[in-house]
2 protein chains.
Amino acid sequence: MAKSRRSPQRRKEALSRESIIGASIELLDSTGEAGLTFSALSEHLATGAGAIYWHIANRNDLLVAACDAIIARTMGEHVVRATPRETIRELATRMFDAMDAHPWVGAVLVRVAGQLPMVRIFERIGQQVRALGVPGDKQWVAVSAILNYILGVGGQNAANAQFASVQGLDRAKFLDEVSTAWSQLAPDQYPFARSVAGHMRTHDDRVDFIAGIDLILNGIRS
Amino acid sequence: MAKSRRSPQRRKEALSRESIIGASIELLDSTGEAGLTFSALSEHLATGAGAIYWHIANRNDLLVAACDAIIARTMGEHVVRATPRETIRELATRMFDAMDAHPWVGAVLVRVAGQLPMVRIFERIGQQVRALGVPGDKQWVAVSAILNYILGVGGQNAANAQFASVQGLDRAKFLDEVSTAWSQLAPDQYPFARSVAGHMRTHDDRVDFIAGIDLILNGIRS
DNA sequence: ACCTGAACACCGTTCAAGT
DNA sequence: ACCTGAACACCGTTCAAGT
């Protein structure tokens, strides 16, 4: 009110690490990992390309920060489950859903070994593995098995999503194509791949993912 | 002999897809994934950059082909083991060793869902899971669990190797640094990560990897 | 302290021209 | 048919100059 003049739509608020990360996530969700360029990002933020470097170190830093923002959200919310086993299932399912909603997360996650986003997941699952009563010297292997399985699935999902989007196919169409390709492999060399080609066409990724978690949990128990 | 003149050292034989893939693998092993550029590769092959495109479609095609060459070698050799379980352990161990010797393979592998290199591994493990007596409708989940675990570990190893090489550290020094970082996390937020920080410093990746495979195999049996 | 935007070095890919 | 190498479009990052 005191201000005599305001631009009709304030074009931007002060740039900040948070606003940059937020814009990056939007960009990553809509255009994939390759879509996160400094020119697209600076346009999105109505600023110069170089300005971004005042707040972040480099592109990789930005990618990890964006990934960590998703993971912090995903792992942050409280879990209300009766048993450690159910809690682990819940956490794993959340991870699946997060990587499904943001396919680039899976791809980034597999390259940030030992860094913050991974530690968050590791910690959360680790506490439950401990609560499960797994002896101390077996906890590392148990948690690693669950975590690496999640990362593997995440990477694959990211690859599927990227491959499908490059070809302009939706997910179902894409899986259908892969399934067809597998069913046409040489019968003497690829009998197993052929035999499960049909399953790939009809299966529910999410259900199979959780079945895999259950399988590993059974292995942990024994 | 009929030839009047030969260049003292024939600078190159005819370019071929195979020779390009071979040179790519050398380059990838020595300089990592970022080191595979068309300028480095064409220099290595004593040819022009554009010539390579006569034999391969693009950089990604080349990366997948290089990866597949390693996987074909790794999965190709015959396994002489008494039981399906031992055979799976052997195949998984080979994968670990291959990804350890060629860290870029893990990174490439997680992005080629459904394509040839992955199908090779899938098939090989699938046949053994079938031999294990797993019922038909559970085979997909069982194989996926093993495969995704391997991919997860491979991705992590690739990330570790790349991170370590960027910082000019050897693997042991690098793990030592991560271990120290984990042990300094906030005790109330990261009790589990802190508790296993010591294990990370001393553990044998390969041994723990196989322990994870055994854990999954136990889950499959139950 | 924070931002601008031109400049730099480098990259994958294309393509007219050669053999 | 296969190769050359200059040209193109694009990228992450830097930095002198502004406010």
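For the numbers below, each heavy atom of this structure counts, side chains included, while hydrogens, waters and symmetry mates do not. Since the model is a prediction, treat every value here as computed from it, not as a measurement. First the proteins, then the strands, lettered A, B, ... as listed; each starts at 1.
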Geometric class of the F174(A)/F163(A) ring pair [parallel <30°, tilted 30-60°, perpendicular >60°]
tilted
So, are K173(B) and E177(B) salt-bridged, with charged N and O less than 4.0 Å apart?
no
Does the pair R111(B)/E33(B) count as a salt bridge with the N-to-O cut at 4.0 Å?
yes
Tell me: [atom1] of [X] to [atom2] of [N], nearest whole Å?
X      : N       : atom1 : atom2 : value
E43(B) : dC10(C) : CD    : P     : 13 Å
Y53(A) : dA17(D) : OH    : P     : 21 Å
R17(A) : dC2(C)  : CZ    : P     : 14 Å
L45(A) : dT4(C)  : CG    : P     : 10 Å
L41(B) : dG12(C) : CG    : P     : 10 Å
F38(A) : dC10(D) : CZ    : P     : 18 Å
L15(A) : dT19(D) : CG    : P     : 19 Å
I20(A) : dT13(D) : CD1   : P     : 13 Å

5′-ward residue of the pair W54(A)/A49(A) relative to DNA chain C:
W54(A)
F122(B) vs W140(B), test: ring pair (Phe, Tyr, Trp, His ring centres under 6.0 Å). Steps then yes/no.
CA-CA 10 Å; F122(B) 196 86; W140(B) 170 274; 5.5 Å; yes
Quick one: on DNA chain D, does S39(A) or G50(A) contact a more 5' nucleotide (nearest heavy atom)?
S39(A)
Distance only, no hydrogens: is a donor on one side chain within 3.5 Å (strictly under) of an acceptor on the other, for S183(A) and R201(A)?
no
For dC10(C), the nucleotide meeting Watson-Crick or G-U wobble distances (both under 3.5 Å) is none
Write down the partner of dT4(D) under the Watson-Crick or G-U wobble criteria, each distance required to be under 3.5 Å.
dA16(C)
For a quick check of understanding: with a heavy-atom distance under 4.0 Å over all strands, which category does L36(B) fall into, base, sugar-phosphate or nothing?
sugar-phosphate
The side chain of H55(B) is closest to which nucleotide in this list: dC3(D), dT13(D), dG12(D)?
dC3(D)
